[in-house]
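Have a look at the structure below, then the notes.
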Amino acid sequence: MSWGTELWDQFDNLDKHTQWGIDFLEKYAKFVKERIEIEQNYAKQLRNLVKKYCPKRSSKDEEPRFTSCIAFFNILNELNDYAGQREVVAEEMGHRVYGELMRYSHDLKTERKMHLQEGRKAQQYLDMCWKQMDNSKKKFERECREAEKAQQSYERLDNDTNATKADVEKAKQQLNLRTHMADENKNEYAAQLQNFNGEQHKHYYIVIPQIYKQLQEMDERRTIKLSECYRGFADSERKVIPIISKCLEGMILAAKSVDEHRDSQIVIDCFKSGFEPPGDFPFEDYSQNIYRTISDGTISTPKQEGMRIDSKTTVGKAKGKLWLFGKKPKGPALEDFSHLPPEQRRKKLQQRIDELNRELQKETDQKDALIKMKDVYEKNPQMGDPSSLQPKLAETMSNMDRLRMEIHKNEAWLSEVEGKVAARSDRRHSSDINHLVTQGRESPEGSYTDDANQEVRGPPQQHAHPNEFDDEFEDDDPLPAIGHCKAIYPFDGHNEGTLAMKEGEILYIIEEDKGDGWTRARRQNGEEGYVPTSYIDVTLEKNSKGAVTYI
């Protein structure tokens with residue numbers, strides 16, 4: 001099966017077919033190019049999608065803790081890797097398929113042009129041989145006709161009795177001349193015919209079959225190249241299937257890692273305040289004053305100090321909401337985290353202590369390294385000047401002292417909150433005179449979030465009893481002072497029921513801390529309110545119950 005023998009007379013059709021083959025090759029190359037663009041755009045859109053939904057966090061506190069969140073971010077990472085594999089597919093197709101097709105197409109055009117030029121030259125040469133043969137043939141034919149005319153003229157004169165001998169001789173000479181020229185043209189025609197037949201045989205059985213064979217081989221190579229590119233097109237994607245499968249397996253593992261029980265526990269750890277639910281409200285007997293006014297000799301329950309304290313805390317200047325946390329005041333987070341509920345405050349302090357300990361360990365390691373280097377310099381002065389390390393060593397020691405002070409301060413706050421949380425239950429159920437104070441002080445309003453700037457506690461506030469006796473109770477004698485305190489830090493007291501104070505200010509203590517981080521105090525002018533216990537240095541009177549000093 002050869003084009004040279006089967007298609008010896010189809011040069012024009014082979015010209016069109018080979019051109020169609022190149023056009024088809026370029027058409028497939030264009031298809032591959034558009035597929036590459038699709039892969040690149042797909043990978044780009046996937047990466048943009050991952051970037052859009054990836055968390056933008058600047059601190060460790062904002063990192064996801066819920067297993068469902070962690071699983072989603074793991075899926076995003078796997079999807080990002082998947083997008084990378086789509087880019088690999090595009091790159092492989094571009095290098096192995098599209099680039100190879102474009103190079104081969106250029107070479108194919110050059111080779112086709114060369115073969116077609118050779119075919120045209122062979123055809124032109126055969127046409128030239130045919131023209132030479134045809135011209136000699138026509139010339140031989142013409143001379144034969146002239147010789148025939150000369151033969152007829154000679155015979156006519158030779159038979160004419162009136163013709164002279166000279167005319168007959170002249171006609172004979174003309175006949176001989178024309179016969180001789182006819183013979184020469186005959187020989188020329190025979191030679192040209194033989195040459196043309198040889199060239200024609202050579203053209204159709206040697207030259208053209210060779211040229212068409214080369215065209216056939218070229219077209220078959222084009223077909224083979226297309227087959228290779230088809231395979232490479234599929235292999236480009238098949239190579240990344242194992243990695244894509246791993247990405248999908250990673251997504252499945254991320255889905256399996258979701259633990260609903262752990263997420264529920266994280267919610268508890270994140271929002272647990274450490275407070276106890278509010279207890280029962282005590283009965284407030286307002287009839288005692290009425291009974292006493294009826295008759296001085298009436299036997300009734302004497303007005304106890306504890307009841308007086310309770311009335312003031314219930315309907316005094318600290319009127320307000322039942323819950324401990326009121327409206328969220330705007331302002332920066334406090335250094336000791338006293339604006340947080342006890343449990344959250346304990347966690348924050350513990351985290352800070354752990355971070356400070358890590359920093360202290362780094363500074364300690366750096367100090368040891370500097371000391372070793374200094375010893376080496378002292379033993380080998382040529383390696384360096386020991387005194388050059390002194391400023392860095394002094395700075396490191398200063399940092400260590402600062403960190404130790406910070407750790408000590410935070411440990412004191414941590415001990416304070418842990419001690420108060422442990423002692424709160426005992427104080428809540430004690431028979432202390434202050435037990436009559438409503439338990440609503442220790443109940444959170446839920447006004448805290450993950451944002452430390454918004455987790456600001458309000459002072460304990462009591463239910464007001466808006467009735468006609470409010471003014472009468474507010475006119476009662478003030479609560480007795482059970483100690484005094486000195487303000488260590490300033491406090492603005494924006495919340496209702498709080499008392500603003502300046503640093504170094506001396507206040508009277510009229511009700512000690514019940515474990516919620518607030519102490520009720522009074523100025524000399526009689527103004528009362530709650531202040532943070534961690535902001536004051538409290539000294540209780542020795543004869544008062546639970547006389548201790550808070551720092």
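What you see is a predicted model, and the numbers here were worked out from it, not measured in a lab. The analysis underlying the following values was restricted to heavy atoms, covering all of them including side chains, and did not include hydrogens, waters or symmetry mates.
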task = Show your working on salt bridge (charged side-chain N to carboxylate O under 4.0 Å, His left out) between Lys225 and Glu228 and close with a plain yes or no.
result = CA-CA 5 Å; Lys225 177 61 68 174; Glu228 293 175 353; 3.6 Å; yes
Audit row: Lys186, Asp183, salt bridge (charged side-chain N to carboxylate O under 4.0 Å, His left out) steps and yes/no = CA-CA 5 Å; Lys186 179 181 179 180; Asp183 291 338; 5.9 Å; no
query = Can we call the ring centroids of Tyr53 and Phe73 under 6.0 Å apart?
reply = no
key: Residues which pass ring-ring contact (aromatic ring centres under 6.0 Å, His included) with Tyr125, listed by chain and number, not counting sequence neighbours   = none
Sub-4.5 Å side-chain heavy-atom contact between Glu359 and Glu363 = no
query = With a cut-off of under 6.0 Å to the ring centre and 45° to the axis, is Lys137 in cation-pi contact with Tyr189?
reply = no
ask   = Without hydrogens or angle criteria, can the side chains of Gln361 and Asn357 be said to hold a donor-acceptor pair below 3.5 Å?
value = no
ask   = Would you call the rings of Phe233 and Phe31 parallel, tilted or perpendicular if under 30° counts as parallel and over 60° as perpendicular?
value = tilted
message = Side chains of Asp263 and Thr67 only: does a donor on one sit below 3.5 Å from an acceptor on the other?
response = yes
Side-chain heavy-atom pair Gln366, Lys362 within 4.5 angstrom cut-off = no
task = Take Arg112 and Thr18 through the test side-chain hydrogen bond (donor to acceptor under 3.5 Å, both in side chains) and record every step on the way to the result.
result = CA-CA 7 Å; Arg112 173 181 175 275; Thr18 51; 2.8 Å; yes
message = Regarding Asp134 and Lys138, does a basic nitrogen lie under 4.0 Å from an acidic carboxylate oxygen?
response = yes
key: Pair His203-Gln123, side-chain hydrogen bond (donor to acceptor under 3.5 Å, both in side chains): steps then yes or no   = CA-CA 8 Å; His203 177 80; Gln123 186 66 41; 3.1 Å; yes
task = Run the numbers on Asn74 and Glu78 for side-chain hydrogen bond (donor to acceptor under 3.5 Å, both in side chains), then give the verdict.
result = CA-CA 6 Å; Asn74 289 336; Glu78 296 294 345; over 6 Å; no
message = Does either side chain, that of Glu111 or that of His115, offer a donor lying less than 3.5 Å from an acceptor on the other one?
response = yes
task = State, yes or no, whether a side-chain contact exists between Leu126 and Phe196 at a heavy-atom distance under 4.5 Å.
result = yes
inquiry  = Salt bridge or not between Glu141 and Arg145? Use side-chain N to carboxylate O under 4.0 Å.
reply    = yes
Lys372 with Asp375: basic N within carboxylate O range, under 4.0 Å = no
task = For Asn399 and Thr396, test the side chains for any donor-to-acceptor distance below 3.5 angstrom and give the result as yes or no.
result = no
Verdict with reasoning, Glu188 to Ser136, per side-chain hydrogen bond (donor to acceptor under 3.5 Å, both in side chains) = CA-CA 6 Å; Glu188 177 68 20; Ser136 63; 5.7 Å; no
task = Using only heavy-atom distances, determine whether the side chains of Asp269 and Gln265 contain a donor-acceptor pair under 3.5 Å.
result = yes
message = Which residue in the set Glu355, Arg352, Lys348 passes side-chain hydrogen bond (donor to acceptor under 3.5 Å, both in side chains) when paired with Asn410?
response = Arg352
ask   = Does the distance from a Lys or Arg side-chain N to an Asp or Glu carboxylate O, for Arg120 and Asp127, drop under 4.0 Å?
value = no
query = Got a salt bridge between Lys256 and Glu249, using NZ or NE/NH1/NH2 to carboxylate O under 4.0 Å?
reply = no
query = How about Gln85 and Asp81: does a side-chain donor come under 3.5 Å of a side-chain acceptor?
reply = no
request  = With the side chain counted from C-beta on, respond yes when Lys44 and Gln40 share a heavy-atom pair under 4.5 Å apart, and no when they do not.
outcome  = no
ask   = Do Glu155 and Leu175 come close enough that some side-chain heavy atom pair is under 4.5 Å?
value = no
Passing candidate, side-chain contact (heavy atoms from CB on, under 4.5 Å) with Ser236, options Arg35, Glu91, Glu92 = Glu92
ask   = Aromatic ring centroids of Phe66 and Phe72 under 6.0 Å?
value = no
